[in-house]
Amino acid sequence: MTATATANGPRIEPARTADVHQVLADHPRYWGERDLRSLHLLALVQEFGPTCLVARAEDGIRGYLFGFVTPTGTGYTHLVAVRDDARGTGLGRRLYAAFAEAARGQGADRLKAVTSVGKTGSVAFHRRLGFAVETVDDYNGPGQPMAVFHRDLPFGDPGA
């Protein structure tokens with residue numbers, strides 16, 4: 001994947017392991033009070049580099065999406081986050097579009113993501129991107145339902 005940028009927007013490009021360290025240093029700017037540091041696996045970037053993306057600007061990483069393509073052709077989003085000062089700019093949509101392109105290049109024909117059922121902002125965001133959502137009981141273990149998102153590729157630009 002080649003880097004993409006808008007006139008004043010960040011470049012979206014494959015992540016490097018140093019980027020994970022930078023994101024972890026600024027963790028609250030992406031996740032607030034939620035501590036998701038343990039989900040930021042260096043192995044994802046090392047093994048699935050073309051589908052782990054950062055939105056890089058002069059002032060640092062404004063957002064990122066770490067994902068991979070499963071053997072069954074699903075582009076799975078492990079983490080997606082936009083820094084607090086870049087929310088509402090369309091950057092999350094741009095990250096997903098770049099991920100969808102990279103995943104299609106690796107043979108994916110659909111996308112999938114998962115979040116906690118109470119994360120209404122995430123549910124609304126994914127719905128705006130054209131994902132269908134279902135609550136799957138016990139998805140993450142007994143008594144742990146999750147919101148599971150699916151959508152076919154190509155990504156297009158729903159809701160724009």
Side-chain angles (χ1 to χ4, degrees), residues 1-5 10-17 19-20 23-24 27 30-31 34-56 61-83 86-87 89-160:
M1 152 168 217
T2 58
T4 60
R11 296 178 321 276
I12 296 178
E13 58 191 31
R16 303 180 300 243
T17 56
D19 296 329
V20 178
V23 164
L24 289 172
H27 185 270
Y30 302 98
W31 297 100
R34 294 177 65 199
D35 186 355
L36 300 181
R37 290 175 292 181
S38 66
L39 298 178
H40 291 72
L41 307 173
L42 287 174
L44 288 174
V45 172
Q46 292 169 341
E47 300 300 328
F48 304 105
T51 54
C52 292
L53 307 172
V54 295
R56 190 182 313 283
I61 296 172
R62 291 190 186 166
Y64 59 95
L65 188 155
F66 296 164
F68 54 89
V69 176
T70 70
T72 59
T74 299
Y76 179 80
T77 301
H78 177 67
L79 288 169
V80 59
V82 174
R83 202 172 65 191
R87 293 188 187 130
T89 65
L91 184 55
R93 179 181 302 275
R94 286 186 57 219
L95 282 162
Y96 251 110
F99 173 67
E101 178 184 332
R104 275 191 91 186
Q106 293 185 10
D109 58 7
R110 62 195 161 279
L111 298 178
K112 180 179 181 179
V114 178
T115 194
S116 303
V117 292
K119 301 300 174 196
T120 56
S122 179
V123 171
F125 169 70
H126 283 86
R127 283 187 170 162
R128 284 192 305 273
L129 294 181
F131 283 84
V133 62
E134 65 177 312
T135 299
V136 178
D137 293 330
D138 303 328
Y139 184 92
N140 207 32
Q144 297 183 48
M146 300 295 281
V148 179
F149 307 100
H150 296 275
R151 71 157 290 158
D152 291 335
L153 293 174
F155 189 72
D157 197 12

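All values reported here derive from a predicted model rather than from experimental measurement.
- A 4.5 Å side-chain heavy-atom check between L36 and H27 finds at least one atom pair inside the cut-off.
- Of the possible donor and acceptor atoms, none in the side chain of T51 sits under 3.5 Å from a partner among the backbone N and O of A102.
- In plain terms, the two heavy atoms of A147 and V133 that are nearest each other are CB-CG2, 3.9 Å.
- Residues G143 and P145 share a closest heavy-atom pair of O-CD, 3.3 Å.
- Qualifying salt bridge (Lys or Arg N to Asp or Glu O under 4.0 Å) partners for R104, counting only residues two or more places apart in sequence or in other chains: none.
- Of the inter-residue distances, the one linking L153 atom CG with T74 atom OG1 reads 9.0 Å to the nearest 0.5 angstrom.
- Taking OG1 of T17 as the reference point, atom CD of Q46 lies at 6.0 Å (rounded to 0.5 Å).
- In plain terms, the two heavy atoms of G92 and F125 that are nearest each other are C-CZ, 3.7 Å.
- By the 4.5 Å heavy-atom criterion applied to side chains, F99 and V80 are not counted as neighbours.
- No donor-acceptor pair closer than 3.5 Å links the side chain of R87 to the backbone N or O of G90.
- Scanning for ring pair (Phe, Tyr, Trp, His ring centres under 6.0 Å) contacts around Y64 gives Y30, H40, F66, with sequence neighbours left out.
- Annotation for L95 and A81: closest pair CD1-O, 4.3 Å, computed over non-hydrogen atoms.
- Closest non-hydrogen pair, L44 versus C52, comes out as O-SG, 3.4 Å.
- By the side-chain hydrogen bond (donor to acceptor under 3.5 Å, both in side chains) test, D35 is found to be paired with R37, residues two or more places apart in sequence or in another chain being considered.
- Under the 4.5 Å side-chain criterion, counting only non-hydrogen atoms from C-beta, P10 is in contact with R94.
- Taking the six-membered ring for Trp and thresholds of 30 and 60 degrees, Y76 and H78 have ring planes inclined between 30 and 60 degrees apart.
- Here Y139 contributes atom OH and E134 contributes atom CD; the two are 9.5 Å apart, rounded to the nearest 0.5 Å.
- Separating the CG atom in L42 from the CG atom in L24 is a distance of 7.5 Å, to the nearest 0.5 Å.
- With sequence neighbours left out, R110 forms a salt bridge (Lys or Arg N to Asp or Glu O under 4.0 Å) with no residue at all.
- By the salt bridge (Lys or Arg N to Asp or Glu O under 4.0 Å) test, R16 pairs with D19, sequence neighbours left out.
- R62 has its side chain out of reach of V82: every pair of non-hydrogen atoms, C-beta onward, lies at least 4.5 Å apart.
- The closest side-chain heavy-atom distance from L111 to T77 is not below 4.5 Å.
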Under the side chain to side chain contact (heavy atoms under 4.5 Å, CB included) rule, what do L39 and W31 come out as? Steps first, then yes or no, please.
CA-CA 12 Å; L39 298 178; W31 297 100; over 6 Å; no

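- Considering every non-hydrogen atom in both A86 and L91, the closest pair reads CB-CD2, 4.2 Å.
- The closest side-chain heavy-atom distance from K112 to V148 is below 4.5 Å.
- With sequence neighbours left out, the ring pair (Phe, Tyr, Trp, His ring centres under 6.0 Å) criterion links F149 to H126.
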